[in-house]
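Single-structure report; data block below.
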Amino acid sequence: MPRDSWIADLHIHSKYSRACSKDLELPNLAYWARRKGIRLLGTGDVTHPAWLAHLGETLEEAEPGLYRLKESIEHRLPPSLKGEPTRFMLSGEISTIYKRDERTRKVHHLVYFPDLESAGRFRASLVKAGCNLSSDGRPIIGLDSRDLLEMTLEAHADAYLVPAHIWTPWFSALGSKSGFDAIADCYADLADHITAVETGLSSDPEMNLRVSSLDRYRLVSNSDAHSPQALAREATEFDCDLDYYAVKRALAGEPGLTGTIEFFPEEGKYHADGHRDCGVNWSPAQTKAAKGVCPVCGRQLTVGVLARVEELADRAPDQQPSPQRVTHLIQLHQVIGEIEGVGAKSKTVDGKINALVAALGAELTILTKTPLDDVSRVGGELLAEGIRRLRAGQVDRVPGFDGEYGVIRLFQPDELRASTSDDGLFELFDVPRVEAKPRPRAKAAAVAPRKPVSAPPLPSIASPHEPFEPMLAGMEEVGTGLLDRLDAMQRVAASAPGGPLLIVAGPGTGKTRTLTHRLAYLCAEMNVFPEQCLAITFTRRAAEELRHRLASLLGPVAKDVTVATFHALALSLLRERDSSYEVTEETDLDQLVPRAVELLREDPDKLRWNWVFVDEYQDVDQHQYDLLRLLVPPDGNICAIGDPDQAIYSFRGADVGFFLRFSQDFEDARVVRLTRNYRSSAPIIAAAVQAIAPTSLIKGRRLDPAKVDLEAPLIGLYPAASTADEAGFIAKKVDELVGGVSHRSKAADTRGVTGATVGFGDIAVLYRTDAQATAIVETLSRAGIPVQKRSHNRLKDREGVSALIHEMRLAHPEGSVAARLKKLANEQTWAAADLLMPLAQRSGHDLERFLADVATGAEVDALDPRAEAVTLLTLHAAKGLEFPVVFLTGCEDGLLPLRMPGKQPTDDEIAEERRLFFVGITRAQRRLFLSHSARRTRFGTERETRPSPFLAAIDSGLLESYKEEAPRRPRDLQLRLL
DNA sequence: TCCTCATCTAGTCTG
DNA sequence: TAGATGAGGA
């Protein structure tokens, strides 16, 4: 005996998702599910904090792994729909945007969980990875698909992931624009955990069966509803037990999945090829003939799902029978709208459907099962005929393309004009009768008259997939000797004989490369002992980088070289005399170097390091300088490297004067200049040189591009009306550069950095003062763009860490730190608790040590995948970093150069501000955007501001000015962005 | 110990 | 303008 079958729709959204109806709340969803005929509904948006809370409050457990509404909605339903309440399965859709193999990938995924706890754990692990889950129910995150799958599987043994609408060009696993050629490639080593894929609105199982690599996956369909009315427009039919685990097993290949309800694939928004704005709607063959170029605008056409299937297909059509039932439908309101000659979403249609449903039952039942005689009796003959044709597949189809839905029609226009829509029993239900108007047919009119355009194709433009060449390609040529991989001046510096050596290395000229090669050359080819070498940096990060690169050049002996920060060096010198020397207080840290100097003065070192290297020499302060003088005699083997024009730390005692008088301090010093820049495009380098020229500390300062690309874009200059406008500009540009973060995005700006190669992690936003970040973080987050702001203490900023520690002390006074934290984490599903677990485990029972670790911001981040995000940094923090795309914001007089109220900056201070501007510009590799706002609030008062005087130094020929946008209401701005 | 009021500051950061 | 801090009173 056949089992009862039932219908599931497992991909929907809540009111917390962008561009979704405010009606998407659980009671409404439950009502509409009943009206449509859905037995099991995904909750959608399970990662959104407010929605997850709503789910927790509104749902109660039902069958294993499923939920139902606590409160009954039976009173809202007509008798024809009475029956079992809808079940809910915890579900969500995640949009991942990330780079793999130098291409930006954008893939949407559906995730499912059997209980609220595991959904909470999943959420927590995303937050830990740095994802912003609050501003969109369908969050955009910078994680690799593979890592997302891993997090899903780790949340619960029975959690699972289904790739969403796998064929859409911009946002799917197999998408032509930013996906992969096989599902398995997308999920890498975890691919075996994928057992089902969602075919999406623009494809049906028949099309998918042409690609044999998909044979191993169950094909499912869902509505992806953005309003309750759109539920069940596609759906999946099961006959297994109504239970989370049975569904999961059915999706993994056990019996239970019986079929899908599908759009006619032509109706999908991305079925055919074309350009919406140009009115070009082509078949794949037409596109092929024109080499993919739009005859109207000359750009690449948006290639649809049909073409993409053709591209990956290894079977002819109809070669493989579908193992499951496929039912093609349009929605009931479309059928009635067509018959009535009114919009499918009109009141008239809604009223008629209410009447039909009250008499005949759920909409899907009416469309697929109700005897046509009954349909005719209640809804009229025309409706019965329409449904008959629908069930027989006798429909007219105008394919959708480039984001525009296709149109499916059941009747010829004359068939409807002749009829008077005499619909019998509708009168019984007192539905207001609307006269049949001339049919506006909005959608059809917009699409149908656009005939295929057959103008000759324009010359092809560069493919948007082409990755740009790595900047260092020319330098990386493999040679025989160590120094063969350096350019001429780098080689002079690296191979210089002993004695004092000063390397003046401009930004992007291979400073670290030169330093490491010199060290390696001395050890490997000049018989210098690695133990005699000391390399000093300012930051742990720089030390780590140096160690890493030395190891790759020298191999195991690299570890005999002492690489240390000034502080670490001082500490080790102090500990040599007093092994118990401890740093207990922060103010102690400042004393490290002076103490070491004292000590060396009393008891001079025996010059155990014959070769001393100092990075960023322009940033040394008096104590560091004293230490160096004590370690190195005036004729000693010291190699200092740096760039006086990047001296930006005078406020903490650094004095560029030490750099400038190196030749007086050390006898017969050699000076080598590195001026060949491998980092930035020619316009960026030219602008940087012009910007620093007025007060450069280097005579005849120059910087030469290693490679000249005539296509390199100019520097963008945006005069914003307000700081909100400035932030909006950044959000819009980021969206364009990554090629759109959502379906609504407009055309990509792919110059210089082609669209498919810019990821969020390639973009930095720089500013002078931390206060500027607020508006930018807010605007970018609201636009769904992941951001990371580097903070002084990386843990301090994370949600509620200090509150959490306080609570931990109160709530769980007993037990190890880890156990107490774990208890708290279980109680609250709190991301911050998870974040602290690695530290807690390391500290074991020692609460004080744990607190110390938290306070010093110990490295917890390295333990987990970090999501790609746009980096927000102060200009100071940006030193030493580089990004393909840089936004240098707040280029205003008073901010850059910075002026504090009541203080007139000295010429030296203004010069240092200019150096900061120089540092900012030279962080950019391919694209640089400068912006300033006409008004800015500082210290509580808004003032008119003028562009930075530094901008005037840059030749206007290097700049491309963007027009200021007309002021818009915030809501409009948001819609326009996405 | 907690609360209120006045005063000050608002900028960049690494160990 | 707003928040953080410290003094002083209840």
Side-chain angles (χ1 to χ4, degrees), chain A residues 536-546 563-575 581-597 614-616 618-624 627 646-656 723 766-775 789-794 796-797 802 852 855-859 872-881 888-890 892-906 908-920 923 935-943:
Chain A
I536 313 174
T537 65
F538 280 82
T539 67
R540 285 198 276 199
R541 193 188 72 210
E544 210 37 63
E545 168 88 9
L546 216 55
V563 180
T565 63
F566 271 106
H567 287 82
L569 174 65
L571 184 63
S572 75
L573 288 170
L574 290 163
R575 282 206 175 135
Y581 193 97
E582 277 292 335
V583 182
T584 48
E585 297 287 321
E586 265 204 33
T587 52
D588 290 7
L589 271 172
D590 284 339
Q591 290 308 305
L592 277 173
V593 178
R595 289 252 173 95
V597 168
V614 196
D615 196 13
E616 307 276 15
Q618 78 281 356
D619 282 333
V620 293
D621 65 21
Q622 182 71 52
H623 304 299
Q624 291 156 344
L627 185 68
Q646 293 184 70
I648 55 174
Y649 282 107
S650 70
F651 71 91
R652 65 171 199 220
D655 186 350
V656 70
T723 49
L766 311 184
Y767 39 81
R768 178 64 179 84
T769 69
D770 204 52
Q772 293 165 252
T774 316
K789 185 169 163 275
R790 220 181 81 175
S791 64
H792 180 58
N793 178 344
R794 263 183 290 175
K796 209 169 78 182
D797 280 1
S802 54
T856 55
E859 308 291 327
L872 271 64
L873 289 166
T874 62
L875 285 166
H876 284 89
K879 186 149 155 263
L881 305 178
L888 178 39
T889 68
E892 289 149 35
D893 197 18
L895 203 54
L896 196 60
L898 186 73
R899 252 194 317 277
M900 298 302 282
K903 275 191 209 162
Q904 263 320 331
T906 64
D908 278 355
E909 283 167 341
I910 292 176
E912 180 144 325
E913 295 288 315
R914 186 183 284 279
R915 294 197 287 270
L916 219 32
F917 185 56
F918 176 68
V919 166
R923 299 310 97 196
R935 310 189 66 81
R936 186 173 299 272
T937 302
R938 281 182 78 200
F939 315 124
T941 30
E942 190 185 56
R943 285 181 202 286

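Just so you know, these numbers come straight off a predicted model, no measurement behind them. In what follows, every chain begins at residue 1, and chains take the letters A, B, ... in the order their sequences are listed.
When rounded to the nearest whole Å, the span between CG of A:Leu875 and P of B:dT14 equals 14 Å. Between the CZ atom of A:Phe538 and the P atom of B:dC13 there is a distance of 16 Å, rounded to whole Å. Rounded to a whole Å, the CD atom of A:Gln772 is 12 Å from the C1' atom of B:dT12. Between the P atom of B:dT12 and the CZ atom of A:Arg915 lies a distance of 18 Å, rounded to the nearest Å. Rounding to whole angstrom units, CG of residue A:Leu569 and P of B:dG15 are separated by 15 Å. Between the CZ atom of A:Phe939 and the C1' atom of C:dT1 there is a distance of 11 Å, given to the nearest Å. One interatomic measurement links the two molecules: CG of A:Asp770 to P of C:dG3, which rounds to 15 Å at whole-angstrom precision. To the nearest angstrom, P of B:dT12 lies 11 Å from CD of A:Glu913.
Across residues 647-656 of chain A, A:Tyr649, A:Phe651, A:Arg652 each have a non-hydrogen atom less than 4.0 Å from an atom of DNA chain B (numbered order).
Between B:dG11, B:dC13, B:dG15, one nucleotide has an atom nearer to the side chain of A:His876 than all others, and that is B:dC13. Each of B:dG15, B:dG11, B:dT12 was ranked by its minimum atom distance to the side chain of A:Ala771; first place goes to B:dG11.
C:dA4 and B:dG11 are spaced 13 Å apart, taking the P atom of each and rounding to whole Å.
In this structure, A:Arg768 contributes its side chain and A:Leu896 its backbone to no donor-acceptor pair below 3.5 Å.
Applying the salt bridge (Lys or Arg N to Asp or Glu O under 4.0 Å) criterion to A:Arg936, with sequence neighbours excluded, gives A:Glu726, A:Glu892. A:Ser650 is linked by a side chain to side chain donor-acceptor pair (under 3.5 Å) to A:Glu912, counting only residues two or more places apart in sequence or in another chain.
Neither OP1 nor OP2 of B:dG11 sits under 4.0 Å from any side-chain N or O of A:Thr874.
Using a 4.0 Å heavy-atom criterion, one finds that A:Arg768 contacts the bases of the nucleic acid, with or without backbone contacts as well. Using a 4.0 Å heavy-atom distance criterion, A:Thr539 is classed as a sugar-phosphate-only contact. Using a 4.0 Å heavy-atom criterion, one finds that A:Ala877 contacts the sugar-phosphate atoms exclusively.
The two residues A:Leu875 and A:Val919 have their closest heavy-atom pair at O-CG1, 4.1 Å.
For the pair A:Asp621 and A:Tyr649, the minimum side-chain heavy-atom distance is 4.5 Å or more.
Side chain to side chain, A:Gln622 and A:Gln624 fail the donor-acceptor criterion of an N or O pair below 3.5 Å.
Tested against A:Leu766, the residues A:Arg923, A:Gln772, A:His876 include a single side-chain contact (heavy atoms from CB on, under 4.5 Å) partner, A:Arg923.
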